[in-house]
Amino acid sequence: MRIATWNVNSVRSRIDRVLGVLERHDLDVLLLQETKCRDDQFPTMPLSAAGYEVAMHGLNQWNGVAVISRVGIEDVRVGFENMPTYGEPPVAEARALGATCGGIRVWSLYIPNGREIGHEHFHYKLDWLANLRATAAGWLSADADAQVLLAGDWNVAPTDEDVWDPAFFEGKTHVTDEERAAFRAVVDAGYADLVRPFTAEPRTFTYWDYTQLRFPKKQGMRIDFALGSPALAARVTDAEIDREERKGKGASDHAPVLVTLSD
DNA sequence: ATGGTTGACGTTCAA
């Protein structure tokens, strides 16, 4: 079984690339973030034609998450228990979608960006990660053998090796001690990084800003992660970051992150 | 090339 996560940055503008990724990697499950469309706008038909089912959750042009699977989609859940809201009036944004695919409880996650240190959105980000940790820890308390995948755009670079220049990020989000601690808390709750062991080279990135020729200059960040429960981590045989997908006209600014599991 | 990216409900916002 092969599962991938990808911040697609508009599923409508990139549906052909989505189909290409599914085929090229022979994916069973693909988790998308930043689909940027309402459910009724989602390009379901070409995915169905390719043999995939789709569960999506999008409220407007912002955020949006989806699960694409050819091994079934059951028990779909929009948002997680205690997921924080944002704004006034409070809105439960389209940032988390859970489903059971081929016996694995998968979550497509789009962690809030944070915008600026100290911004209301920054506190929202930290709360969001803390509540996710609490809820996900509960899943393992209830069933230590649960097969759970927490995957998506975490908007955190967990170490200095995960950014192209730590000095550039001083005073910016994604690299602060608070964000890193919030990410590490999820790992410490029992969810291991399934990909880093297979992509351990420093300066291995999953995201490159569109501006300033960041991609050709290899100036990126590792902020997209697939974290797995112990039972799931035990099944991982390979993982990779599809850097090729970032190339060419019409690429997302994020690369797909892939995990291969034993049966 | 006084530029420098992309996508969306866009003449602005978010990333």
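Below, read A as the first sequence line, B as the second, and so on, with proteins coming before strands; counting in each chain starts at 1. When reading the values below, keep in mind they use all heavy atoms of this one structure, side chains included, and skip hydrogens, waters and symmetry mates.
When each of A/Gln212 and A/Leu59 is assigned the nucleotide of DNA chain B with its nearest heavy atom, A/Gln212 is the one assigned upstream, toward the 5' end.
Under 4.0 angstrom from either OP1 or OP2 of B/dC9 there lies at least one side-chain N or O belonging to A/Gln41.
Relative to the ring axis of A/Phe169, A/Arg180 does not place its NZ or CZ within 45° and under 6.0 Å from the centre.
Ion pairing between a basic and an acidic side chain is recognised when a charged N comes within 4.0 Å of a carboxylate O; A/Arg24 and A/Glu244 show no such pairing. Under 4.0 Å is where a charged nitrogen must lie from a carboxylate oxygen, and between A/Arg70 and A/Asp28 at least one such pair does.
In the hydrophobic cluster analysis, where Ile, Leu, Val, Met, Phe, Trp and Tyr join through side-chain heavy atoms closer than 4.5 angstrom, A/Trp107 is grouped apart from A/Val29.
Only one option out of A/Asp160, A/Asp153, A/Asp162 pairs with A/Arg222 in a salt bridge (charged side-chain N to carboxylate O under 4.0 Å, His left out); it is A/Asp162.
Across all strands shown, A/Arg214 has no heavy atoms under 4.0 Å from either base or sugar-phosphate atoms.
With rounding to whole Å, A/Phe215 atom CZ is found 16 Å from B/dT6 atom C1'. Counting to the nearest Å, the C1' atom of B/dT6 and the CH2 atom of A/Trp208 are 16 Å from each other.
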Might you work through the side-chain contact (heavy atoms from CB on, under 4.5 Å) test for A/Ser252 and A/Arg17, ending with a clear yes or no? CA-CA 9 Å; A/Ser252 169; A/Arg17 278 182 176 262; over 6 Å; no

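B/dG10 and B/dA14: their C1' atoms are spaced 11 Å apart (whole Å). Comparing the P positions of B/dT5 and B/dC9 gives an interatomic distance of 22 Å, to the nearest angstrom.
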Restricting both atoms to N or O, compile the protein contacts to nucleotides 10-15 of chain B shorter than 3.5 Å, with distance only.
{"from": "B/dA15", "atom 1": "OP2", "to": "A/Arg115", "atom 2": "NE", "distance (Å)": "2.7"}

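Nucleotide B/dG10 is shown with an anti base, its glycosidic torsion being more than 90° from 0.
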